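Quick note: residue numbers are just sequence positions, from 1. The structure displayed is predicted, hence computed values, not measured ones.
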Amino acid sequence: DASVWVVDARPRGAFAEAHVPGAVGVELAEDFGTWVGWIVPFNAPVMLVLDPGQDEREAMVQLIRIGYEHVRGVLRGMAEWLSEGRPTEQFQSVTVAEFAEAVKTGQARQILDVRTPAERASERLEGSVHRFAGDLEANIPAELSVHDPVWVACASGYRANLSASLLQRAGYTPVALRDGGVADVLAHRLLAASAPDSHR
């Protein structure tokens, strides 16, 4: 049913490794419902994907509180989906060190910052394009090309994962910063620049 939104609430690393095609990655946390409300059309039918150990009731309560009452079902993990040979999608998720190295070497030719304008005002990655994660579904920056990977960063990895899933739905190839944010990348680059040359 094309009207159903697949909301994958598993941890971001598991989501990046394999997910239902077109799924939106909204990791289950205190603000899970808030982000679903930002992205998914109001009261649209939803299919949830959860790890076996995650709290299904918590996810359902958060959805119902914001008016999303049409949950069609819950898929517990991806094992059964994979065993039946059903299609999956994946994208690359990287560490702070890997992201910083890609910026340094020019491998990250397209960088998308999905933090709030206030967060971006305090510090930013040079050459990055900005769009708040909550606005990305309806308004992907025109500067981004589908022909090169888009390296996505926020402040912690949560919104980067969500934004990467939205980019993938729109035909882009995302690379998400998994556990860290813009500040961590900048700090890592400063530390690398100040480290003594071991070859001297």
Side-chain angles (χ1 to χ4, degrees), residues 1-94 110 112 114 131-141 144 146 149-154 156-179:
D1 185 348
S3 69
V4 176
W5 282 69
V6 180
V7 176
D8 194 321
R10 295 175 300 145
R12 66 197 73 155
F15 176 80
E17 287 177 5
H19 50 266
V20 175
V24 178
V26 187
E27 191 172 351
L28 184 58
E30 290 182 1
D31 54 356
F32 167 74
T34 300
W35 282 107
V36 172
W38 268 106
I39 304 303
V40 178
F42 179 69
N43 210 20
V46 169
M47 178 75 182
L48 278 175
V49 184
L50 296 166
D51 264 351
Q54 286 181 300
D55 189 345
E56 178 181 333
R57 183 178 182 278
E58 173 62 22
M60 297 289 286
V61 166
Q62 288 200 41
L63 291 176
I64 290 170
R65 281 177 178 166
I66 61 170
Y68 289 73
E69 300 179 350
H70 300 295
V71 178
R72 297 285 180 84
V74 179
L75 178 64
R76 282 291 187 173
M78 292 292 291
E80 186 175 353
W81 184 274
L82 291 167
S83 70
E84 293 179 358
R86 296 178 181 271
T88 62
E89 290 181 331
Q90 54 280 316
F91 57 77
Q92 187 179 3
S93 66
V94 298
Q110 299 190 107
L112 178 63
V114 296
R131 181 73 78 238
F132 174 56
D135 298 330
L136 189 61
E137 168 67 14
N139 193 12
I140 293 175
L144 298 179
V146 296
V150 180
W151 294 67
V152 191
C154 61
S156 67
Y158 187 95
R159 289 170 290 178
N161 181 71
L162 166 60
S163 299
S165 71
L166 296 176
L167 287 170
Q168 190 172 55
R169 279 172 57 90
Y172 294 79
T173 302
V175 179
L177 178 54
R178 184 175 59 246
D179 296 308

Under 3.5 Å: donor-acceptor pair, side chain of Glu56, backbone of Val74 = no
Does the side chain of Met60 reach to within under 4.5 Å of the side chain of Val71, using non-hydrogen atoms?
-> yes
For the residue pair Glu89 and His19, establish whether any side-chain heavy-atom pair is separated by less than 4.5 Å.
-> yes
Side-chain (Asp8) to main-chain (Arg10) donor-acceptor, under 3.5 angstrom | yes
For the side chain of Ser163 and the backbone of Ala160, is there at least one donor-acceptor N/O pair under 3.5 Å apart?
-> no
Pairwise distance CG(Leu177) to CD(Gln92) - rounded to 0.5 angstrom | 11.5 Å
May I ask you to test the Pro149-Phe91 pair for a side-chain heavy-atom distance under 4.5 Å?
-> no
Taking C-beta and beyond as the side chain, do Glu27 and Tyr158 meet within less than 4.5 Å on heavy atoms?
-> yes
Does any non-hydrogen side-chain atom of Leu166 lie less than 4.5 Å from one of Ile39?
-> yes
Nearest-0.5 Å distance, CE of residue Met78 to CZ of residue Arg86 = 10.0 Å
For Ala164 and Ala176, which heavy atoms make the closest approach, and how far apart are they?
-> CB-CB, 4.0 Å
Hey, what do you get for CG (Asn161) to SG (Cys154), rounding to the nearest 0.5 Å?
-> 9.0 Å
So, do Val7 and Phe32 sit near enough that their side-chain heavy atoms are less than 4.5 Å apart?
-> yes
Working to the nearest 0.5 Å, report the span between CG of Leu167 and CD1 of Ile140.
-> 5.5 Å
Side-chain touch Arg131/Leu112, heavy atoms, less than 4.5 angstrom = yes
Between Arg12 (side chain) and Arg178 (backbone), is there a donor-acceptor pair under 3.5 Å?
-> yes
With a 4.5 Å limit on heavy-atom distance, are the side chains of Trp151 and Val94 in contact?
-> yes
Leu63 side, atom CG; Glu69 side, atom CD - distance, nearest 0.5 Å = 10.5 Å
For residues Gln62 and Asp31, report the shortest heavy-atom separation together with the two atoms involved.
-> OE1-C, 4.0 Å
Is it the case that more than 12 heavy atoms not belonging to Glu80 sit under 6.0 Å from its CD atom?
-> no
Grab the two heavy atoms, one from Gly134 and one from Trp35, that are nearest each other, plus how far apart they are.
-> N-CZ3, 3.6 Å
Nearest-0.5 Å distance, CG of residue Leu75 to CG of residue Asp51 | 10.0 Å
Ring geometry between Phe132 and Trp38 (parallel below 30°, tilted from 30 to 60°, perpendicular above 60°) = perpendicular
Is there a donor-acceptor contact under 3.5 Å from the side chain of Gln168 to the main chain of Pro21?
-> no
Please, which pairs that meet ring pair (Phe, Tyr, Trp, His ring centres under 6.0 Å) have at least one residue in residues 51-87, sequence neighbours excluded?
-> Phe42-Tyr68
Arg76/Leu50 under side chain to side chain contact (heavy atoms under 4.5 Å, CB included): CA gap, chis, key distance, verdict = CA-CA 5 Å; Arg76 282 291 187 173; Leu50 296 166; 3.8 Å; yes
Which residues pass the salt bridge (charged side-chain N to carboxylate O under 4.0 Å, His left out) test with Arg65, sequence neighbours left out?
-> none
